[in-house]
Amino acid sequence: MPAPHNPFKARLKTGETQIGLWVSLADASVAELAAHCGFDWMVIDGEHGPNGLRDVMDQLRAVAERTHPVVRVRDDDRARIKQMLDIGAQTILVPMVESAEQAREAVRSMLYPPAGVRGVGAMLGRATGYGAIGDYLATANDEVCLLVQVENRKGLAALDEILTVEGVDGVFIGPADLTADMGHGTNSAAPEVQDAIRDAIARIRAAGRAAGILSTDPAVARRYAEQGVAFLAVGTDVGVLGTGLRTLRAGF
């Protein structure tokens, strides 16, 4: 039996836009509720969300087969990436990638030897059904998916080189960090920022890779979709819950 098919990775190659949600509350019930809402994918956020290893594993179980979970790790630490893969994550999002070398090392962390350096221990864990998926080691490299975040000026300067790294399946533009790094505070609508994002999306697509981004503004999100973004997050659990509760209260 081979490693489970990764539908998110396969759809990245079709050019269609997959709609996603950011999940940061580190609660399996919240993730499960969101997974019933029809999103193509969701980020389980281990960078800014208070997610430990077992928190992520509980959420992977909660959303299984309803949506595709993308796990954002806190950084490019090789041991942490290995653990996330071993507990069943197939798609990993690595933040703050600023060079081709950093991207190359992230690829190596994702793949079994000889293509990479992922430790061969998953037969003990959830990724292999605790050993039930006998051909996992031989097939896992084909089904894991690496997304790297480019979210500052240094990353944008290195983008063309990052896009040459084999094994990088998609590049996610981090608009909030990029806006701050460019000196515009929280004003991501600044023309300079939007020009940089538009240019980055075009370069990613021209290199034959998938572009991704997050926007909670529906009009802006639709514009990104029109520009060819392949994985588009359109909200966060924190934002949707907070907005909904405030709107409810304001009605009374």
Side-chain angles (χ1 to χ4, degrees), residues 1-23 31-32 34-46 56 59-73 81 84-85 87-95 97 103 106-107 110-111 115 127 133 136 139-150 159 162-163 165-175 197-198 200-216 218 220-237:
M1 183 185 300
H5 175 62
N6 186 332
F8 175 84
K9 180 177 182 178
R11 287 181 66 187
L12 287 182
K13 301 173 184 178
T14 69
E16 63 182 304
T17 301
Q18 299 184 73
I19 303 299
L21 179 74
W22 222 262
V23 177
E32 185 177 28
H36 281 283
C37 295
F39 291 95
D40 299 309
W41 59 285
M42 66 168 58
V43 167
I44 299 173
D45 188 4
V56 173
Q59 290 168 83
L60 290 174
R61 288 182 173 131
V63 307
E65 299 180 8
R66 296 189 182 94
T67 188
H68 183 77
V70 175
V71 175
R72 178 161 75 167
V73 289
I81 291 173
M84 293 299 179
L85 293 172
I87 64 171
Q90 286 187 293
T91 302
I92 300 292
L93 177 60
V94 177
V97 173
V107 171
M110 295 283 293
L111 302 178
I133 303 175
Y136 181 85
T139 57
N141 285 2
D142 293 330
E143 300 299 338
V144 295
C145 178
L146 174 64
L147 310 174
V148 300
Q149 278 190 250
V150 170
L159 178 58
I162 291 170
L163 290 167
V165 176
E166 196 66 33
V168 172
D169 297 290
V171 177
F172 184 92
I173 306 300
I197 290 173
R198 187 181 304 107
I201 292 170
R203 289 156 64 190
I204 294 165
R205 295 189 67 210
R209 305 300 172 91
I213 200 165
L214 163 69
S215 178
T216 59
V220 174
R222 289 189 179 93
R223 187 169 71 241
Y224 289 146
E226 291 169 358
Q227 292 172 18
V229 167
F231 56 110
L232 175 64
V234 296
T236 69
D237 56 350

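Being a predicted model, the structure only gives us computed values, none of them experimental.
- The shortest distance between side-chain heavy atoms of F8 and C145 falls below 4.5 Å.
- In summary, of the residues considered (M42, H36, E32), a side-chain contact (heavy atoms from CB on, under 4.5 Å) with V63 occurs for M42 alone.
- Between the side chain of T216 and the backbone N or O of G235 there is no donor-acceptor pair closer than 3.5 Å.
- For R203, the CZ atom is densely surrounded, since the number of other residues' heavy atoms within 6.0 Å is greater than 12.
- Rounded to the nearest 0.5 Å, atoms CG (L60) and CD1 (I44) are 4.5 Å apart.
- Within the model, atoms CG of L12 and CG of L147 stand 6.5 Å from one another, a figure rounded to the nearest 0.5 Å.
- A side-chain donor-acceptor contact under 3.5 Å links T67 to the backbone of W41.
- A donor-acceptor distance shorter than 3.5 angstrom exists from the side chain of D169 to the backbone of L146, with no hydrogens or angles considered.
- Remark: side-chain polar atoms of R11 are not paired, donor with acceptor, to backbone N or O of E16 under 3.5 angstrom.
- Distance CZ/R198 to CD1/I173: 13.0 Å, rounded to 0.5 Å.
- Checked against salt bridge (charged side-chain N to carboxylate O under 4.0 Å, His left out), R223 has no partners two or more places apart in sequence or in another chain.
- Side-chain N or O atoms of Q227 include none that pairs as donor or acceptor with a backbone N or O of I201 at under 3.5 Å.
- Separating the CE atom in M84 from the OG1 atom in T91 is a distance of 13.5 Å, to the nearest 0.5 Å.
- Centroid-to-centroid, the aromatic rings of F231 and W22 stay 6.0 Å apart or farther.
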Test log, rule salt bridge (charged side-chain N to carboxylate O under 4.0 Å, His left out), inputs E143 and K9: CA-CA 7 Å; E143 300 299 338; K9 180 177 182 178; over 6 Å; no

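- By the side chain to side chain contact (heavy atoms under 4.5 Å, CB included) test, D142 is found to be paired with no residue, residues two or more places apart in sequence or in another chain being considered.
- Nearest heavy-atom pair across P4 and Q90 is O-NE2, 2.8 Å.
- At least one donor-acceptor pair under 3.5 Å links the side chain of D40 to the backbone N or O of I19.
- Taking each heavy atom of A103 and I162 in turn, the nearest pair found is CB-CG2, 4.1 Å.
- Closest approach of L232 and A221 over heavy atoms only: CD2-O, 3.3 Å.
- With contacts defined as side-chain heavy-atom distances shorter than 4.5 Å, the pair I92/V144 does not qualify.
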